[in-house]
Amino acid sequence: MDSCLFCKIISREIPATIVYEDEHVIVIEDINPKAPLHVLVLPRRHIATLNELTPADDGLIGEMMRRAASVALKGGFDERGYRTVFNCNRDAGQTVFHIHLHLLAGRSLTWPPG
Ligand code: 5GP
Ligand code: ZN
């Protein structure tokens with residue numbers, strides 16, 4: 001999608017620090033990290049919000065979750081713990097309308113989120 005920031009990152013029009021990529025997903029460092037490790041797992045395909053998911057995306061979402069766990073493990077955060085978050089629309093504070101899974105680790109995180 002032409003106007004989408006994350007599509008532009010995926011197509012290399014806009015730079016980002018890429019920590020992993022394969023044919024379905026790409027993992028980038030968040031530009032404004034909220035924890036010592038804060039990365040975003042993006043599907044290569046443009047999907048605006050979780051509301052647009054279909055049963056055909058179940059495998060993709062599974063891949064995104066397992067990729068987050070794998071990046072957390074690689075960072076040595078598997079035992080200590082970490083948080084994964086999908087924000088959807090206004091009340092959750094979604095600002096980029098291309099779904100992305102946040103992975104935060106490296107500090108104690110409060111619950112519930114504010
Ligand atoms: P949301 O609020 O939509 O769940 O999360 C969007 C995230 O994208 C935010 O954590 C924000 O810091 C990050 N972000 C916004 N613009 C950029 C950018 O240009 N590059 C990168 N790497 N992250 C960005
Ligand atoms: Zn997009």
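For ligands, and for the atoms within them, numbers begin at 1 and follow the listed sequence. Just so it is clear, the model here is predicted, and its values are computed rather than measured. Positions are given from 1, in the same order as the sequence printed here.
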Legend entry - Protein residue, atom and distance nearest to atom 24 (C) of ligand 1, heavy-atom basis: Ile31 CG2, 3.4 Å
Inset, instruction - Say whether Gly93, considering both its backbone and side-chain N or O atoms, lies within less than 3.5 Å of an N or O atom on ligand 1. - result: yes
Inset, instruction - Output yes when the distance from some N or O of ligand 1 to some N or O of His38 is under 3.5 Å, and no in every other case. - result: no
Legend entry - His46: its N/O/S atom lying closest to the Zn ion (ligand 2) (atom name): ND1
Inset, instruction - Please answer: with hydrophobic residues joined when any side-chain heavy atoms are less than 4.5 Å apart, are Met64 and Val39 in the same cluster? - result: yes
Inset, instruction - Provide the number and element of each atom of ligand 1 under 4.0 Å from a heavy atom of Asn32. - result: 12 (O)
Inset, instruction - Examine distances only and state if a side-chain atom of His98 and a backbone atom of Arg44 form a donor-acceptor pair shorter than 3.5 Å. - result: no
Inset, instruction - Kindly give the heavy-atom pair with the smallest separation between Thr49 and Ile99, and that separation in Å. - result: C-CG2, 3.3 Å
Legend entry - Close N or O approach (Leu5, ligand 1; < 3.5 Å): no
Legend entry - Numbering as shown, the atoms of ligand 1 that approach Ile28 to under 4.0 Å (heavy-atom distance): 22 (N)
Inset, instruction - Name the closest protein heavy atom to atom 1 (P) of ligand 1, giving the residue it belongs to and the distance to 0.1 Å. - result: His100 NE2, 3.1 Å
Inset, instruction - Considering the heavy atoms of Phe6, write down every atom of ligand 1 situated less than 4.0 Å from one of them. - result: 8 (O)
Legend entry - Proximal candidate to atom 4 (O) of ligand 1 [heavy atom criterion; set Gln94, Lys34, His102]: His102
Legend entry - Nearest-neighbour protein heavy atom for atom 22 (N) of ligand 1, which is reported as residue plus atom name and distance: Glu29 O, 2.9 Å
Inset, instruction - Identify whether Ile61 and Val27 are in the same connected component of the hydrophobic contact network (ILVMFWY, side-chain heavy atoms under 4.5 Å). - result: yes
Inset, instruction - To 10°, measure the ND1(His98)-the Zn ion (ligand 2)-SG(Cys7) angle for me. - result: 110°
Legend entry - Heteroatom distance test (Asp30, ligand 1): nitrogen or oxygen, under 3.5 angstrom: yes
Legend entry - Evaluation steps, ring-ring contact (aromatic ring centres under 6.0 Å, His included), between His100 and His102: CA-CA 6 Å; His100 48 280; His102 294 259; 5.1 Å; yes
Inset, instruction - Salt-bridge test for Arg12 and Glu21: reply yes if a basic N is under 4.0 Å from a carboxylate O, no otherwise. - result: yes
Legend entry - Per-atom contacts of ligand 1 with Ile9, taking only distances under 4.0 Å to non-hydrogen atoms: 20 (N)
Inset, instruction - Decide yes or no for Leu40 and Val96: does some side-chain heavy atom of the first lie under 4.5 Å from some side-chain heavy atom of the second? - result: no
Legend entry - Nearest non-hydrogen protein atom, atom 3 (O) of ligand 1: Thr95 N, 2.7 Å
Legend entry - Same apolar cluster (I L V M F W Y, side chains within < 4.5 Å links), Phe86/Leu37: yes
Legend entry - ligand 1 contact by Ile14, heavy-atom criterion under 4.0 angstrom: no
Inset, instruction - Answer yes or no: are there more than 12 heavy-atom neighbours, outside Arg66 itself, under 6.0 Å from its atom CZ? - result: no
Legend entry - ligand 1 atoms in contact with Asn87 (distance to a heavy atom under 4.0 Å): 4 (O)
Legend entry - Close side-chain approach of Trp111 and Arg83, heavy atoms under 4.5 Å: yes
Inset, instruction - Go through ligand 1 atom by atom and flag the ones less than 4.0 Å from a non-hydrogen atom of Leu40. - result: 8 (O)
Inset, instruction - Check the surroundings of atom CG in Asp22: do more than 12 heavy atoms from other residues, nucleotides or ligands lie under 6.0 Å from it? - result: yes
